[in-house]
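Take a look at the structure below.
Sequence lines set the chain letters: A, B, ... in the order given, protein chains first and strands last, and positions in each chain run from 1. Note that the structure is a prediction, hence the values are computed from the model and not measured.
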2 protein chains.
Amino acid sequence: MMANSYAIGTLSKHTGVNIETIRYYERIGIMPKPPRTAGGQRIYETAHLKRLAFIRRSRELGFSLDEIRALLRLVDGGDYSCGEVQEMTLAHIADIRRKIADLRRMERVLKDMAAKCDGGDVPECPIVDALSA
Amino acid sequence: MMANSYAIGTLSKHTGVNIETIRYYERIGIMPKPPRTAGGQRIYETAHLKRLAFIRRSRELGFSLDEIRALLRLVDGGDYSCGEVQEMTLAHIADIRRKIADLRRMERVLKDMAAKCDGGDVPECPIVDALSA
DNA sequence: GATAGGAGCTGTAGTCGCTACAGGTTCAAG
DNA sequence: CTTGAACCTGTAGCGACTACAGCTCCTATC
């Protein structure tokens, strides 16, 4: 394999993205079909590495593959405006805040329930009662 | 339909659980197979209503169906101890806290990224740069 | 040049918790 | 008795992977 070109396993190690997942990304069209060796194995280059790292980082930040697709379209198009990207990011932040609020509500309720419980061996449980209510 | 017995649609309305979901719960064994009319339609009673409400409430609090299965086993067994239920609840709370921490980290990073962006029309975007880094 | 074995290939099926049909049957009101 | 709303079963789809099985290829060593 030439310098600056990688097999799928190397790409996987460099980006921390599973091999199966890389092939999955290709199948759903979020990663391009790379050239192949005569024997049919994928050959990646630095551009692929960067793109995959972008995807990985975006996934880590909770963007859905659809959102990432949109981000990549903007970037690929070359004519993206910072405003569009910012808009998506802000929408995503709002989404995360909603999720946090939901989880905090759950946490509070569960904590209250658990606090009523002395953890004894009795077959009467305030948590079960609360869940049944 | 007799008093204190309900068709699936009524159960659905009472609990806010989708009809399809109720049948799904039955298929995966989390709701019992109810008796049927001569024509094959499901007949539910107050016990079913309570059980489904329990499931719904637990789902709202983020318990997985597997966790709910475990909770129900404890309750059904009759010999459950409050301690076991409390243990599951505390584990679940820990899980929720982890999720909240993750989301907060995401939020912070995204917020920082978005703050660097003036939302202009320029094709150079600090968010994209940050995602690529 | 032969051989071993690690790495890669395709295609399919499973995960979780539903949801959405299609195409049929039953029930209850008028 | 007729209408039509509600119910039935079975299957397939979602999102984002993951895990095989059963191959083929590539490369390092002898």
Original post:
Between A:Asp112 and A:Lys116, is there a salt bridge with N-O shorter than 4.0 Å?
Top reply: no
Subject >> Residue list, side-chain hydrogen bond (donor to acceptor under 3.5 Å, both in side chains) with A:Asn18, at least two apart or on another chain >> reply: none
Original post:
Taking protein heavy atoms under 4.0 Å as touching, what does nucleotides 5-17 of chain D look like 5' to 3' if B marks base contact, S marks sugar-phosphate-only contact and - marks none?
Top reply: --SSB------BB
Original post:
Salt bridge check: are A:Asp102 and A:Arg105 linked by an N-O gap of less than 4.0 Å?
Top reply: yes
Subject >> Whether B:His14 and B:Tyr6 hold their rings parallel, tilted or perpendicular, with breakpoints at 30° and 60° >> reply: tilted
**OP:** Please state whether the phosphate of D:dC25, meaning OP1 or OP2, lies under 4.0 angstrom from any side-chain nitrogen or oxygen of A:Thr37.
**Re:** no
Subject >> Nearest-angstrom distance from the residue atom CD1 of B:Ile22 to P of C:dC18 >> reply: 12 Å
**OP:** Kindly give the heavy-atom pair with the smallest separation between A:Leu11 and A:Leu49, and that separation in Å.
**Re:** CD1-CD1, 3.5 Å
